[in-house]
Amino acid sequence: MTLLAARPESPIAFARSGIVDYEKALQIQRTLHSEIAAGLRPNTLMLLEHPSVFTAGRRTLDHERPTDGTPVIDVDRGGKITWHGPGQIVGYPIVRLAKRHDVVGFVREIEIALIAVCNEFGIDAQRYCERSGVWLRDEKGDRKIAAIGIRFAKGVTMHGFALNVNPDLSWFDRIVPCGIADAGVTSMATELNREITVGEVVPIVERYIYEALKRVSA
């Protein structure tokens with residue numbers, strides 16, 4: 001993983017990579033979080049993919065986990081269980097918030113940015129007031145295209161978001177994604193009914209998330 005210098009107009013550095021093991025990325029996050037909280041490093045956005053892995057937030061219930069014994073990594077973020085894997089852009093904005101305790105405002109900015117990404121590709125995504133993340137809601141039913149799970153400590157965020165570009169959505173069938181049993185999970189490829197790659201979408205994600213982080217980070 002390569003850490004890039006912060007841009008002159010905003011103290012946000014970027015870390016880009018391909019597929020990175022989840023636990024390795026988690027350790028990098030923790031190191032960055034400690035250094036940013038201590039003022040030793042600029043705010044940083046990590047963009048990557050993970051090998052197939054289930055991760056469970058603090059509120060995950062037993063019946064929401066895989067029923068086939070597939071291993072799950074328990075983590076200290078909010079939210080419930082989800083899946084990460086190839087074809088999904090995972091973003092970890094590790095930033096000091098300008099409004100120290102406005103985590104809800106931070107999440108809303110991430111949602112707005114990801115909605116803009118989807119809109120740019122012709123996907124009519126939207127917020128769902130009662131549920132975090134990015135959604136499609138129409139005659140086909142409610143379905144989630146991006147999930148968000150955050151940890152906030154020492155004034156600095158950790159963990160982040162996952163946008164489904166072209167992953168194997170069958171992995172979500174093994175769990176109750178995000179603890180929501182009455183809605184589905186979708187991807188950009190599914191909604192567009194065509195091939196689309198992570199490489200096409202990453203620069204757009206970076207642009208919109210960068211603008212969002214400028215608005216909320218110190």
Side-chain angles (χ1 to χ4, degrees), residues 1-51 53 55-58 73-79 82 84-86 88-117 132-134 146-165 198-199 201-218:
M1 179 177 297
T2 302
L3 290 180
L4 305 181
R7 297 183 180 183
E9 66 270 29
S10 180
I12 300 170
F14 290 79
R16 301 193 195 105
S17 186
I19 295 179
V20 180
D21 179 77
Y22 182 85
E23 290 184 296
K24 178 180 178 181
L26 182 58
Q27 185 55 54
I28 293 170
Q29 277 196 80
R30 287 172 173 157
T31 299
L32 291 173
H33 183 275
S34 295
E35 292 176 350
I36 292 167
L40 302 176
R41 182 184 291 275
N43 296 326
T44 301
L45 171 64
M46 299 167 60
L47 290 176
L48 45 79
E49 295 174 77
H50 288 305
V53 61
T55 73
R58 294 186 300 266
I73 298 174
D74 290 283
V75 291
D76 56 359
R77 61 167 169 78
T82 193
H84 297 308
Q88 183 188 72
I89 297 174
V90 178
Y92 297 127
I94 308 172
V95 299
R96 183 184 299 279
L97 295 184
K99 296 181 180 179
R100 183 177 174 86
H101 297 292
D102 190 14
V103 179
V104 172
F106 170 77
V107 170
R108 294 294 170 261
E109 288 289 351
I110 298 298
E111 289 172 341
I112 290 167
L114 294 176
I115 287 169
V117 172
S132 69
V134 177
I148 299 174
I150 300 296
R151 178 174 184 260
F152 181 72
K154 299 180 180 178
V156 177
T157 63
M158 246 186 81
H159 300 286
F161 63 86
L163 172 64
N164 296 328
V165 178
V198 165
V201 182
V202 162
I204 313 303
V205 170
E206 181 180 300
R207 171 158 54 90
Y208 281 109
I209 294 293
Y210 169 72
E211 291 300 323
L213 296 182
K214 282 205 305 183
R215 292 190 290 269
V216 298
S217 61

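Note that the numbering runs from 1 along the sequence shown for the chain.
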Fill in the blank from the handout: side-chain hydrogen bond (donor to acceptor under 3.5 Å, both in side chains) filter on Glu35, not counting sequence neighbours, yields Arg41

Problem - Euclidean distance, Leu32 CG relative to Leu40 CG, rounded to 0.5 Å - result: 11.5 Å

Problem - Distance, nearest 0.5 Å, that separates NE2 of His101 from CZ of Phe152 - result: 6.0 Å

Problem - Spatial distance of atom CD1 (Ile209) from atom CG (Leu163) [nearest 0.5 Å] - result: 9.0 Å

Handout entry: For the student: nearest non-hydrogen atoms of Asn164 and Gln88, plus distance
Key = OD1-NE2, 2.8 Å

Fill in the blank from the handout: With sequence neighbours left out, the residues meeting side chain to side chain contact (heavy atoms under 4.5 Å, CB included) with Gln29 are Leu26, Met46, Tyr92, Ile94, Met158, His159

Practice task
Output yes when a side-chain donor or acceptor of Asn43 lies under 3.5 Å from a complementary backbone atom of Ala218, and no otherwise.
Solution key: yes

Practice task
Taking all heavy atoms of Gly91 and all of Leu47, pick out the closest pair and write down the distance.
Solution key: CA-CD2, 3.8 Å

Practice task
Determine the minimum heavy-atom distance between Ala146 and Leu114, stating which atoms define it.
Solution key: CB-CD1, 3.9 Å

Practice task
Indicate yes or no: at least one non-hydrogen side-chain atom of Val205 is less than 4.5 angstrom from one of Phe161.
Solution key: yes

Exercise for the section: For Arg108, check side chain to side chain contact (heavy atoms under 4.5 Å, CB included) against everything at least two apart and list the hits. Expected result: Val104, Glu111, Arg127

Problem - CD/Glu211: more than 12 non-hydrogen atoms of other groups inside 6.0 Å - result: yes

Completion exercise
Residues Ile150 and Gly160: closest non-hydrogen pair is CD1-CA, 3.7 Å

Handout entry: Qualifying residues under side-chain hydrogen bond (donor to acceptor under 3.5 Å, both in side chains), relative to Glu109, sequence neighbours excluded
Key = Arg215

Problem - Separation of Ile73 CD1 from His50 NE2 (nearest 0.5 Å) - result: 9.0 Å

Problem - N/O donor-acceptor pair under 3.5 Å between Arg77 side chain and Arg151 backbone - result: no

Problem - Set of side-chain hydrogen bond (donor to acceptor under 3.5 Å, both in side chains) partners for Tyr208, sequence neighbours left out - result: Glu120

Exercise for the section: Give, for atom CD of Glu206 and atom CD1 of Ile12, the distance between the pair rounded to the nearest 0.5 Å. Expected result: 10.5 Å

Completion exercise
For Ser132 and Ile148, the nearest pair of non-hydrogen atoms, with its separation, is OG-O, 3.9 Å

Practice task
Considering non-hydrogen atoms only, spot the tightest contact between Asp102 and Leu97 and give its length.
Solution key: O-CD1, 3.9 Å

Practice task
Give a yes or no on whether the backbone of Pro93 and the side-chain of Thr157 come within a donor-acceptor separation of less than 3.5 Å.
Solution key: yes

Handout entry: Point-to-point distance, once rounded to the nearest 0.5 Å, from CD1 of Ile89 to CD of Glu49
Key = 7.5 Å

Problem - Partner residues of Arg96 under the side-chain hydrogen bond (donor to acceptor under 3.5 Å, both in side chains) criterion, sequence neighbours left out - result: none

Practice task
Keeping the roles fixed (side chain from His33, backbone from Ala153), state whether a donor-acceptor pair exists under 3.5 Å.
Solution key: yes

